[in-house]
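Sequential numbering from 1 along the given sequence is applied to the chain's residues. Everything numeric here is computed off the predicted structure, so don't read it as measured data.
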Amino acid sequence: MKTIFIVDDNDTNLMAAKTALDGIYKAYALPSAAKMFKLAEKIMPDLILLDIDMPEMDGFEAIKILKEDKQLMSIPVVFLTAKNDEATEMRGFEMGALDFINKPFSPPVLRKRIEMHIETDKLIKESQEAVRDIHYATISVIADMVESRDRITGGHVERTQAYLEILVKELIRCGIYAEEIAAYDLSLFLPSAQLHDVGKISISDLILNKPGKLTDEEFEQIKTHCDHGEKTIDRILSKTKDDGFLLHAKRFAGFHHERWDGKGYPRKVSSLDIPLEGRLMAIADVYDALVSERPYKKAFTHEQATEIIKGESGSHFDPKIVEAFLNIAEDFWATSVSIEK
C-alpha cells in the first residue's frame, strides 16, 4: 500500500482528504510542514499533498526544503490549495510541484488524480532503473575489459569495490566523514569505483603482464594510468550530463595512488586535499595488492597486510579511515577469500 502525507493546518480539510484516501493508501494527516519533516525521518512517503497557506512554514518554503534534500527531493509533491491564480501555479511548478488540486475537492477526483500521479511516478522510476542498469552493465564490461589485459591482477576490480562498500558502511556507523558521505548517492558512488584503473588501457601489455619486477622506467609508465584514467573519464563527461557517477569515477581514477603525507602520485597532494574517493581506494587497493600473489612476490598474510596498513596510518593512509578499517579488517579478508584471484 502506497504512503501519502497530507499536510494542511485546517483540520476540516485534513480529515476530508484522509477520509477520501484511507483504505486505498496509508494516509498520514499532518497539521504542519514541521510535522511532515519529522515523520519523513522515519517514513518515506510515495507522494505528498501539501497545502500552500500555512503558518510558520508555508507550502512554498516546505517544497524548497524538500527539493534541496537528497533523500526527499524525488518525492512527488501535489499542492492541495484554495489558490488557483496563474502566478501561484507558475511559482509552484517552477519549484518542482507535480500538480495542483483545488479546494474544495471532490473525493473521487482527488483519488483519481493521486492514482494517476502514483502510476506515472512508478513508470518513470522503472524507466530510470532500466537505463541505470544498462549504464552500470556497460561500465562493468569496460572495467572487465581493462582488467582482462592485466592478467596478473584477476578479480581486483570486484574485490576492491567490495572492500570499499564494507569500509564506507563502517565509516557511516562510526560517524567518520558522515556529513560528506551523506551527500553521496551510494548507488552511484560504489559502482563508480570499478573505473579506478581504467587508465591502464593505455599501458603496454608488456609492462602490465611483465613476470618480474618493473624497472624504474617501466614503473614511471605504470604511474601514468592515473592521468590517463582521468582523461578517459573526462572525454565521457564532455558528452554527457552525468554529474554523479562519472565524477566519483574520475576521483577514484585520479587520486587512488596519492598518499596522506603527499608522497604519492600523480599530483603529490596530501591530507584532506585528496578527495575522499582517493583516500578510501588507497586502502582497498593496497590491501588487495598485499594479500594477492604476484610473479615478483608472495602474498602477505591477512595479519601482515593489516599491520602494514596500521603502521602507515598518517603517512600513506588517512588515520581516520585506518581506524575504521581496523574494525572490519576481518571482513576484508573474508571478501578476499571469497572472490577468486
Side-chain angles (χ1 to χ4, degrees), residues 1-133 182-183 185-188 244:
M1 185 178 286
K2 299 292 185 180
T3 298
I4 309 291
F5 283 4
I6 309 161
V7 187
D8 197 319
D9 64 309
N10 183 296
D11 288 343
T12 301
N13 292 331
L14 198 61
M15 295 318 298
K18 180 171 170 55
T19 300
L21 300 178
D22 268 341
I24 304 171
Y25 304 103
K26 193 168 186 178
Y28 289 87
L30 304 162
S32 69
K35 295 282 188 183
M36 172 189 73
F37 286 116
K38 189 69 175 175
L39 184 59
E41 293 175 6
K42 301 175 182 177
I43 299 170
M44 187 67 67
D46 295 288
L47 184 141
I48 297 172
L49 281 174
L50 184 61
D51 186 28
I52 292 179
D53 286 327
M54 295 184 291
E56 297 180 12
M57 185 188 303
D58 67 21
F60 290 133
E61 293 174 287
I63 195 172
K64 182 175 185 295
I65 295 171
L66 284 166
K67 296 305 177 183
E68 290 174 350
D69 188 309
K70 283 188 174 293
Q71 303 299 318
L72 306 175
M73 63 192 308
S74 64
I75 302 169
V77 176
V78 174
F79 278 125
L80 187 61
T81 178
K83 290 190 171 185
N84 58 5
D85 60 282
E86 184 178 333
T88 298
E89 290 196 3
M90 282 302 301
R91 184 182 176 191
F93 287 131
E94 287 170 358
M95 296 184 77
L98 195 63
D99 197 2
F100 279 76
I101 297 177
N102 292 324
K103 295 186 288 189
F105 56 83
S106 159
V109 171
L110 177 67
R111 289 191 291 268
K112 195 64 183 176
R113 294 279 282 277
I114 289 177
E115 178 188 347
M116 177 186 69
H117 289 309
I118 289 283
E119 186 60 29
T120 300
D121 186 60
K122 176 186 173 185
L123 292 172
I124 290 171
K125 286 177 178 174
E126 286 176 354
S127 176
Q128 289 172 336
E129 286 175 6
V131 170
R132 188 166 62 182
D133 286 346
D185 181 342
L186 293 181
S187 69
L188 300 177

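A62 approaches F37 most closely through the heavy-atom pair O-CZ, 3.6 Å. Across every non-hydrogen atom of L110 and A20, the tightest pair is CD2-CB, 4.1 Å. Across every non-hydrogen atom of F93 and A97, the tightest pair is CD2-O, 3.4 Å. Contact between T3 and M44 at its shortest, heavy atoms only, is CB-O, 4.4 Å. Heavy atoms only, all atoms of each residue included: L72 and A40 are closest at CD2-CB, 4.1 Å. Taking every heavy atom of both residues into account, E61 and M57 meet most closely at OE1-CA, 3.4 Å.
Note that the CG atom of D185 and the CD atom of Q71 stand 8.5 Å from one another [nearest 0.5 Å]. Expressed to the nearest 0.5 Å, how far CG of L39 lies from CZ of F5 amounts to 3.5 Å. Between atom CZ of residue F79 and atom CZ of residue R91 there is a gap of 8.5 Å, rounded to the nearest 0.5 Å. Here the CG atom belonging to L80 is positioned 13.0 Å from the CD1 atom belonging to I48, to the nearest 0.5 angstrom. Put simply, CD1 on I118 and OH on Y25 are 6.0 Å apart, with the number rounded to the nearest 0.5 Å.
Judged purely by atom type and a 3.5 angstrom limit, K103 has no side-chain atom pairing as donor or acceptor with the backbone of T81.
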(message) Could you walk me through whether V78 and R113 satisfy the side-chain contact (heavy atoms from CB on, under 4.5 Å) test, starting with their C-alpha distance in whole Å, then the side-chain angles of each, then the deciding distance to 0.1 Å, before giving a yes or no?
(response) CA-CA 10 Å; V78 174; R113 294 279 282 277; over 6 Å; no

(message) I'd like to know whether I4 forms a side-chain contact (heavy atoms from CB on, under 4.5 Å) with I114, so could you lay out the CA-CA distance, the side-chain angles of the two residues, the decisive distance to 0.1 Å, and finally the verdict.
(response) CA-CA 9 Å; I4 309 291; I114 289 177; 4.0 Å; yes

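Residues that satisfy the side-chain contact (heavy atoms from CB on, under 4.5 Å) test with T88, not counting sequence neighbours, are I52, F60, K83, D85, F100. Every residue two or more places apart in sequence or in another chain was checked for a side chain to side chain donor-acceptor pair (under 3.5 Å) with D9, and none qualifies.
With contacts defined as side-chain heavy-atom distances shorter than 4.5 Å, the pair H117/L47 qualifies. Two residues are said to be in side-chain contact when any heavy atoms from C-beta on lie closer than 4.5 Å; L98 and T120 fail this criterion.
A salt bridge links E115 with K112: the closest approach of a Lys/Arg side-chain nitrogen to an acidic carboxylate oxygen falls below 4.0 angstrom.
Of the candidates K18, M36, M15, I6 forms a side chain to side chain contact (heavy atoms under 4.5 Å, CB included) with just one, namely K18. Screening D58, V7, D8 for a side chain to side chain contact (heavy atoms under 4.5 Å, CB included) with D51, the sole residue that qualifies is D8.
Residue-environment remark: NZ (K26) stays at or below the threshold of 12 foreign heavy atoms within 6.0 Å.
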